[in-house]
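Atom set for the values below is all heavy atoms of this structure, side chains included, hydrogens, waters and symmetry mates excluded. The model shown is predicted, which means the values in this text are computed figures rather than measured ones.
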Amino acid sequence: MIEHFTAIDFETAQGKHFSICQVGLVRVEQGHVTQEMSLLVQPPDNVYHQYCIDVHGITSQDTAQSPTFHKVWHKIEPYITNQNVVAHNGFSFDFHVLKTTLEYYGMDVPEYQKFCTLKIFKNLASLQNYDLATLCKHYHIPLNHHEALSDAQACAKLFQIYLQNQKN
């Protein structure tokens with residue numbers, strides 16, 4: 001049984017997956033949240049595409065004074081390396097974003113166990129749509145969608161529901 005995990009979410013500034021502009025992270029140990037982190041990150045050259053701004057509302061002005069990803073990785077890395085890491089739509093987006101960003105900065109990609117709540121709930125829930133907003137509504141989980149910490153918190157709660165169902 002999984003006792004500890006990290007839920008993550010990334011927002012990106014443009015279509016390039018190495019353009020992280022916000023990180024949300026929630027650490028859960030033995031059923032309790034022990035750490036939450038929300039970081040604004042300056043993407044390469046602080047360039048944003050309008051369609052991304054329209055999704056999450058973060059602009060180049062918001063990240064003009066923020067550190068780049070390689071300068072904040074040391075804060076995130078202990079919660080990822082050799083850990084159970086959960087993301088919603090993780091296999092299609094978040095895990096790839098992390099790998100691509102680390103490679104962009106010439107950093108090693110750590111080993112970690114990947115779990116995707118989209119994939120998990122697609123197999124469990126009797127819903128027709130498994131996006132994060134729909135699942136949160138179904139399970140009465142508060143969500144400020146596309147705000148990275150809120151998305152990570154929601155993902156953590158969904159994974160806890162899954163783990164609880166595994167016990168029963």
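At distances below 3.5 Å, not a single donor-acceptor pair connects side-chain atoms of His88 with backbone N or O atoms of Lys119. A distance-only check finds no donor-acceptor pair linking the side chain of His32 to the backbone of Val28 [under 3.5 Å]. Between the side chain of Tyr51 and the backbone N or O of Gly15, at least one donor-acceptor pair lies under 3.5 Å. Distance alone, capped at 3.5 Å, is enough to place a donor-acceptor pair between the Gln160 side chain and the Gly31 backbone. Formation of a donor-acceptor pair under 3.5 Å by the Asn82 side chain with backbone atoms of Tyr112 is not found in this model. Put simply, the side chain of Asn46 gets close to the backbone of Ser60: a donor and an acceptor are under 3.5 Å apart. Judged by distance alone, with hydrogens and angles left aside, the side-chain atoms of Asn144 form no donor-acceptor pair with the main-chain N or O of Glu147 at under 3.5 Å.
Between His49 and Gln14, the shortest heavy-atom distance links the atoms ND1-CB, 3.4 Å. Nearest approach of Leu102 to Pro110, heavy atoms of both residues: CD1-CD, 3.6 Å. Contact between Thr117 and Cys155 at its shortest, heavy atoms only, is OG1-SG, 3.6 Å. Pairing each heavy atom of Cys21 with each of Ile58, the nearest pair is SG-CD1, 4.0 Å. Of all heavy-atom pairs spanning Pro67 and Leu40, the tightest one is CD-O, 4.1 Å. Annotation for Pro44 and Ser19: closest pair CD-CA, 4.0 Å, computed over non-hydrogen atoms.
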* Steps toward side chain to side chain contact (heavy atoms under 4.5 Å, CB included) verdict (Phe10, Gln22) -> CA-CA 6 Å; Phe10 299 110; Gln22 188 179 39; over 6 Å; no

* To do: Under the side chain to side chain contact (heavy atoms under 4.5 Å, CB included) rule, what do Asp151 and His145 come out as? Steps first, then yes or no, please.
  => CA-CA 6 Å; Asp151 287 1; His145 203 14; 3.3 Å; yes

* **Trace of the ring pair (Phe, Tyr, Trp, His ring centres under 6.0 Å) decision for Phe5 with Phe115** => CA-CA 10 Å; Phe5 68 89; Phe115 297 90; 8.5 Å; no

* Kindly determine whether Lys167 and Met1 satisfy side chain to side chain contact (heavy atoms under 4.5 Å, CB included), including the steps that lead there. => CA-CA 8 Å; Lys167 283 184 183 178; Met1 179 53 103; 3.1 Å; yes

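When Leu118, Thr12, Leu98 are each tested for a side chain to side chain contact (heavy atoms under 4.5 Å, CB included) with Phe93, only one passes: Thr12. If you run side-chain hydrogen bond (donor to acceptor under 3.5 Å, both in side chains) between Gln83 and each of Arg27, Gln113, His4, only Arg27 comes through. Tested against Tyr79, the residues Val26, Leu25, Thr34, Val85 include a single side chain to side chain contact (heavy atoms under 4.5 Å, CB included) partner, Leu25.
Remark: Asp9 CG to His56 NE2 distance equals 10.5 Å, nearest 0.5 Å. Between the CG atom of Leu158 and the SG atom of Cys136 there is a distance of 5.0 Å, given to the nearest 0.5 Å. How far NZ of Lys16 is from OG1 of Thr101: 12.5 Å, rounded to the nearest 0.5 Å. Here Tyr105 contributes atom OH and Ile20 contributes atom CD1; the two are 8.5 Å apart, rounded to the nearest 0.5 Å. To the nearest 0.5 angstrom, His70 atom NE2 is 7.5 Å from Met107 atom CE. For the atom pair CG (Leu143) and NZ (Lys157), the distance works out to 10.0 Å, reported to the nearest 0.5 Å.
Hydrophobic clustering, with ILVMFWY side chains joined whenever heavy atoms are under 4.5 angstrom apart, groups Ile76 together with Phe18. Each of Tyr162 and Phe95 belongs to its own hydrophobic cluster when Ile, Leu, Val, Met, Phe, Trp and Tyr are linked at side-chain heavy-atom distances under 4.5 angstrom. Under the 4.5 Å side-chain heavy-atom criterion for grouping Ile, Leu, Val, Met, Phe, Trp and Tyr, Phe91 is not connected to Tyr130 through any hydrophobic cluster. Hydrophobic clustering (side-chain heavy atoms under 4.5 Å, transitive across Ile, Leu, Val, Met, Phe, Trp, Tyr) groups Phe121 together with Ile2. Transitive grouping of hydrophobic side chains (ILVMFWY, heavy atoms separated by less than 4.5 Å) keeps Phe159 and Ile80 in distinct clusters.
Summarising the local packing, CG of Asp108 is surrounded by 12 or fewer heavy atoms from other residues, nucleotides or ligands at distances under 6.0 Å. Open room surrounds CG on Asp45; 12 or fewer heavy atoms of other groups in view lie less than 6.0 Å from it. Other residues, nucleotides and ligands contribute at most 12 non-hydrogen atoms within 6.0 Å of the CD atom of Glu111.
Counting only N and O atoms by type, the side chains of Tyr48 and Thr63 include a donor and acceptor under 3.5 Å apart. Defined by atom type and a distance below 3.5 Å, a donor-acceptor pair is missing between the side-chain atoms of Gln42 and Gln65.
Side chains of Lys75 and Met37 form a contact here, defined as non-hydrogen atoms less than 4.5 Å apart.
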